[in-house]
Amino acid sequence: MTDPRDRLIVALDLGDPREAEALVERIGDGATFYKIGYRLAYAGGLALVPKLAARGLKVFLDLKLHDIGNTVEEGVRALTDLGATFLTVHAYPQTMRAAVRGRGAAGPKILAVTVLTSYDAADAREAGYALPVPDLVAQRARQAMEAGIDGIVCSAIEAGSVRSVIGPERLIVTPGIRPAGAETGDQKRVMTPGQARAAGIDHVVVGRPITGAADPRAVAQRIVAEMA
Ligand SMILES: O=c1ccn([C@@H]2O[C@H](COP(=O)(O)O)[C@@H](O)[C@H]2O)c(=O)[nH]1
């Protein structure tokens, strides 16, 4: 990674593409990488992907696809020309294999979401998973590698064990990141940007601590500096 700003992915979790574009303007050279999730995508935000890409910004399309294989494969194929750098699917083997088929040679890197960072042990049990969260993350990381996935979304807490499963080339992308003292909100498996970097992540994802800040550019710059 040549530009340290690329380590930070700012989540544009806003309900209106014009609001999102205004935030990108305010952040200016403080960030180079933005995430569009389904709140913004459903509000017309998919059109922002080529717009931001044309300005030299990178875009993570966080649609967390999960469906029967044919639907995932064709859905991913339909997104390949938008210009996104990353696209997420849930880390189910059938889904991941279909996404890799749909991506082909030229599509975005496919990231597999292992266990959402808003889940703790009780949430995973409630959802029907018998394995402890770290074991479930590791199992899904192994299955992601078998499926040909390009990177893993997990919490930074699992970054070390995931790295030992996926090796040095594949990517680890971690939401659930909070600067010291920031509100955690609904995030349960949380680390600071500095802790995440020390744990070996490639990118952190940060939303509310930046989107809700009086000076989002300054917060983004502090997060990048903390990971330098
Ligand atoms: O496990 C996951 C996967 C995705 N996310 C997404 O990241 C951002 C985090 O936003 P914050 O405001 O910094 O909490 C958000 O868009 C989630 O959909 C995640 O949090 N955890």
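Both ligands and their constituent atoms are indexed starting at 1 by order of listing.
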Do any nitrogen or oxygen atoms of Gln187 come within less than 3.5 Å of a nitrogen or oxygen of ligand 1? yes

Just checking, any donor-acceptor pair under 3.5 angstrom between side chains of Glu158 and Ser161? no

Is it the case that Thr117 and Gln187 place a side-chain donor and acceptor less than 3.5 Å from each other? yes

Suppose we measure from atom 6 (C) of ligand 1 to each protein heavy atom; which comes out shortest, and what is that distance? Lys35 NZ, 3.6 Å

Strictly below 4.0 Å, N to O, side chains only: are Asp6 and Lys58 in salt-bridge contact? yes

Can you tell me if Thr95 and His66 form a side-chain donor-acceptor pair at under 3.5 Å? yes

Is any N or O atom of Gly207, backbone or side chain, closer than 3.5 Å to an N or O atom of ligand 1? yes

Within the 4.0 Å heavy-atom shell around Val205, which atoms of ligand 1 are there? 7 (O), 8 (C)

Could you note down all residue pairs passing side-chain hydrogen bond (donor to acceptor under 3.5 Å, both in side chains) where residues 132-144 supplies at least one of them, sequence neighbours left out? Tyr129-Arg140

Distance under 4.0 Å to a non-hydrogen atom of Val206: what atoms of ligand 1 satisfy this? 13 (O)

For atom 1 (O) of ligand 1, what's the nearest protein heavy-atom neighbour? Residue, atom name and distance, please. Thr117 N, 2.9 Å

Do me a favour and list the nearest non-hydrogen protein atom to atom 18 (O) of ligand 1 with residue, atom name and distance? Lys64 NZ, 3.5 Å

Does the pair Asp62/Lys64 count as a salt bridge with the N-to-O cut at 4.0 Å? yes

Which atoms of ligand 1 are found less than 4.0 Å from any heavy atom of Leu116? 1 (O), 2 (C), 3 (C)

Arg208: numbered ligand 1 atoms lying under 4.0 Å from its heavy atoms: 11 (P), 12 (O), 13 (O), 14 (O)

Can we call the ring centroids of Phe60 and His203 under 6.0 Å apart? no

Taking 4.0 angstrom as the limit and counting only heavy atoms of Pro175, give me the atoms of ligand 1 inside it, by number and element. 2 (C), 3 (C), 4 (C), 5 (N), 7 (O), 19 (C), 20 (O), 21 (N)

Is ligand 1 under 4.0 Å from a heavy atom in the side chain of Asp13, in the backbone, in both, or in neither? side chain

Around Gln94, counting heavy atoms of other residues, nucleotides and ligands shown, do more than 12 lie under 6.0 Å from its CD? no

Has Arg178 got any heavy atom lying under 4.0 angstrom from an atom of ligand 1? yes

